[in-house]
Amino acid sequence: MLAGRRIILGITGGVAAFKSAYLARRFVEAGALVRTIMTRSATEFLGPQTLAAITGTPPAFEYFGEDEVSPHTEMAAWADAIVIAPATAATLSRLAAGASDDLLVGTVLAFSGPVLVAPAMHTAMWEHPAPRRNVAALESDGVHIVGPATGALAGGDEGPGRMAEPEEIMAALGLVLGAGTMAGWRVLVTAGGTREPIDPVRYVGNRSSGKMGNAIAVEAADRGADVVLVTTMAAPSHSRIRAIGVETADEMAAAVWEEAAKADVAVLAAAVADFRPAHPRESKVRRADGIPDLELTNTPDILAGVAALQPRPFLVGFAAETGAATGAAAKAIAKDVDLLVANDVTAAGSGFGTETNAVAVFGRDGAFEEWPTMSKAAVAARLWDRIVALRSP
Ligand code: CTP
């Protein structure tokens with residue numbers, strides 16, 4: 001859910017700032033791009049170098065002295081979400097009042113996306129009406145509040161006021177960033193490469209690992225869709241993914257054509273063999289029998305079968321290319337897909353078996369975007385963002 005998302009993590013001056021380093025690390029592990037803003041007092045509790053090392057970018061502190069002419073608007077334009085953890089009583093007060101005299105609050109004011117705030121302070125402070133009033137004002141402005149939890153506090157005290165744990169903040173951000181936005185959608189995904197038997201032992205296959213299709217299925221399920229995954233590989237376990245295991249193009253075609261009629265969106269990421277042995281042997285071909293003739297025949301064009309359905313799902317095809325994806329625009333039209341995702345399977349960091357992918361996406365209207373090399377989870381997130389935008393009225 002967080003893969004490829006651009007998150008600003010704001011850190012203010014409380015002891016819980018020691019957990020913010022771990023939170024930043026978890027965001028990065030989840031594939032997010034993270035920039036941090038520290039208030040001056042936050043630096044009393046956490047070293048800026050720690051955040052720089054974890055996120056790859058030094059924290060920003062103030063308006064002046066940064067390279068940017070207008071760092072708050074530049075950062076606000078960059079971000080998909082702002083998370084402030086920990087948020088002290090003073091920061092809650094400045095946020096509620098819109099006091100933009102520090103970079104963090106200024107960035108929040110310039111930002112129109114989701115803001116998540118994790119308050120942390122001593123129980124006695126938390127129970128004072130002022131922070132409660134400020135939290136209520138922030139909630140009515142649409143800010144999401146997570147925590148505080150009850151537990152051990154600095155100085156040996158106990159009670160409510162402890163910052164929510166990083167995992168809880170991650171989960172809350174996942175919800176805010178779109179879990180549930182595809183609730184009720186029926187999604188069909190294909191993954192993996194088909195295997196076309198020569199004999200009971202051998203097959204004609206390809207190098208597809210199924211990772212891209214799996215990432216697409218998981219992202220849709222995380223967003224609330226009900227997903228059917230037709231795959232030749234091991235399927236990820238997820239409560240909203242129903243996997244149908246297949247091996248050959250014929251088996252995949254039967255499963256896909258059955259399920260596609262019920263789907264709102266079909267993403268056909270599988271690498272399907274175009275040819276199969278025409279007469280697979282019943283028993284193992286022996287060396288002593290000499291070199292066998294391998295007569296090949298066509299497999300069904302699964303995608304064409306889905307494109308011909310009336311009504312048909314929103315259809316996304318994949319094109320595995322060797323070399324630049326120059327033919328892909330024509331392919332998108334010829335195959336009558338709504339989107340075509342093309343990748344150069346021979347490029348470094350792209351294609352079969354890698355954790356990352358570099359793709360170009362073509363629309364039926366000729367629109368074309370080249371995306372940088374990203375994790376497959378990030379490609380999946382961006383692809384669903386595109387599909388959701390195209391399908392929304
Ligand atoms: N596909 C399919 N049925 C097949 C072969 C491919 O449905 N028998 C689907 C793939 O799942 C993918 C898309 O078609 O979504 C494009 O696959 P690709 O192999 O690039 O297309 P081809 O038309 O076979 O193009 P090429 O001649 O470049 O191999």
Side-chain angles (χ1 to χ4, degrees), residues 187-197 203-217 220 227-233 235 243-261 263 265-278 280 296-309 312-347 350-353 357-364 368 376 379-380 383-384 386-387:
V187 165
L188 171 66
V189 179
T190 67
T194 61
R195 297 172 172 190
E196 311 299 335
Y203 59 82
V204 176
N206 61 67
R207 297 180 188 279
S208 170
S209 64
K211 285 179 182 170
M212 191 64 246
N214 283 355
I216 289 166
V227 180
V228 174
L229 176 62
V230 179
T231 180
T232 63
M233 308 297 283
I244 302 177
V246 296
E247 222 177 278
T248 63
D250 276 322
E251 289 169 13
M252 186 173 276
V256 166
W257 291 340
E258 157 115 30
E259 296 295 333
V265 181
V267 183
L268 305 190
V272 184
D274 288 323
F275 315 104
R276 67 172 175 81
L296 298 174
T297 185
N298 281 311
T299 56
D301 188 336
I302 301 173
L303 190 135
V306 178
L309 288 173
R312 63 173 236 184
F314 184 98
L315 180 56
V316 182
F318 269 66
E321 304 287 331
T322 48
T326 39
K331 219 181 221 186
I333 294 163
K335 288 186 179 289
D336 191 23
V337 291
D338 296 289
L339 281 179
L340 187 80
V341 182
N343 64 338
D344 178 355
V345 293
T346 56
S350 180
F352 295 146
N357 215 356
V359 304
V361 178
F362 299 82
R364 60 193 309 148
F368 149 64
K376 287 184 173 172
V379 172
L383 183 61
W384 283 115
R386 252 324 265 288
I387 296 168

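Atoms within each ligand, like the ligands themselves, are counted from 1 in listed order.
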**Study point:** Nearest protein heavy atom with distance in Å, relative to atom 3 (N) of ligand 1
**Key:** Ile302 N, 3.1 Å
**Study point:** Ala319 neighbourhood, listing ligand 1 atoms whose heavy-atom distance to it stays under 4.0 Å
**Key:** 20 (O)
Study note, to complete from the structure: The single option from Asp344, Asn343, Val341 that satisfies side chain to side chain contact (heavy atoms under 4.5 Å, CB included) with Asn357 is Asn343
Check your understanding: Under 4.0 Å from atom 27 (O) of ligand 1, do we find at least one protein heavy atom?
Key -> no
Exercise for review: Report the part of Pro300 (side chain from C-beta onward, or backbone N, CA, C, O) that has a heavy atom under 4.0 Å from ligand 1; answer both or neither where that applies.
Suggested key: backbone
Check your understanding: Heavy atom under 4.0 Å from ligand 1: found in Ala253's side chain, backbone, both, or neither?
Key -> neither
**Study point:** Protein heavy-atom partner closest to atom 6 (C) of ligand 1 - residue, atom, separation in Å
**Key:** Val272 CB, 3.8 Å
Exercise for review: Indicate yes or no: does Arg312 engage Asp338 in a salt bridge with an N to O separation below 4.0 Å.
Suggested key: yes
Practice item. Would you mind running through ligand 1 and noting each atom that sits below 4.0 Å from a heavy atom of Lys331? Key: 18 (P), 20 (O), 21 (O), 22 (P), 25 (O), 26 (P), 28 (O)
Point to revise | Option with minimal heavy-atom separation from atom 9 (C) of ligand 1, where the choices are Asn343, Asp274, Leu303 | key: Leu303
Study note, to complete from the structure: of all protein heavy atoms, closest to atom 15 (O) of ligand 1 is Leu268 O, 2.7 Å
**Study point:** Tyr203 atom OH: more than 12 heavy-atom contacts under 6.0 Å
**Key:** no
Review point. Looking at side-chain heavy atoms only, is the closest gap between Val189 and Val227 below 4.5 Å?
Key: yes
Review point. Considering only heavy atoms, does Ala320 approach ligand 1 within less than 4.0 Å through its side chain, its backbone, both, or neither?
Key: backbone
Check your understanding: Do the side chains of Val230 and Leu188 get nearer than 4.5 Å, heavy atoms only?
Key -> yes
Practice item. Using heavy-atom distances, let me know which of Ala270, Gly213, Gly317 sits nearest atom 10 (C) of ligand 1. Key: Ala270
Point to revise | Ligand-residue contact atoms, ligand 1 with Ala273, heavy atoms, under 4.0 Å | key: 8 (N)
Practice item. Please report the C-alpha distance between Lys331 and Asp336 in whole Å, then the side-chain angles of each, then the deciding distance to 0.1 Å, and finally whether the salt bridge (Lys or Arg N to Asp or Glu O under 4.0 Å) criterion is met. Key: CA-CA 8 Å; Lys331 219 181 221 186; Asp336 191 23; over 6 Å; no
Exercise for review: Kindly indicate whether the side chain of Trp384, heavy atoms from C-beta on, has any atom under 4.5 Å from the side chain of Val265.
Suggested key: yes
Point to revise | Donor-acceptor contact below 3.5 Å, side chain Asp301 vs main chain Leu303 | key: yes
**Study point:** Closest approach of any protein heavy atom to atom 12 (C) of ligand 1, naming residue and atom
**Key:** Phe318 O, 2.9 Å
Practice item. Can you sort out which atoms of ligand 1 are near Thr299, meaning under 4.0 Å from one of its heavy atoms? Key: 8 (N)
Check your understanding: Quick one: does Ala342 get a heavy atom under 4.0 Å from ligand 1?
Key -> no
Revision key, fill the gap. Atoms of ligand 1 under 4.0 Å from any heavy atom of Asp301, numbered from 1 in the order shown, are 2 (C), 3 (N), 7 (O), 8 (N)
Exercise for review: Apply the test side-chain contact (heavy atoms from CB on, under 4.5 Å) to residues Leu340 and Phe318: give CA-CA distance (whole Å), side-chain angles for both, the deciding distance (0.1 Å), then the verdict.
Suggested key: CA-CA 6 Å; Leu340 187 80; Phe318 269 66; 5.9 Å; no
**Study point:** Donor-acceptor under 3.5 Å (Thr232 side chain, Thr194 main chain)
**Key:** no
Review point. Side chains of Ile216 and Leu383: closer than 4.5 Å at any heavy-atom pair?
Key: yes
Point to revise | Of the listed options Arg276, Lys335, Glu321, closest to atom 23 (O) of ligand 1 (non-hydrogen atoms) | key: Lys335
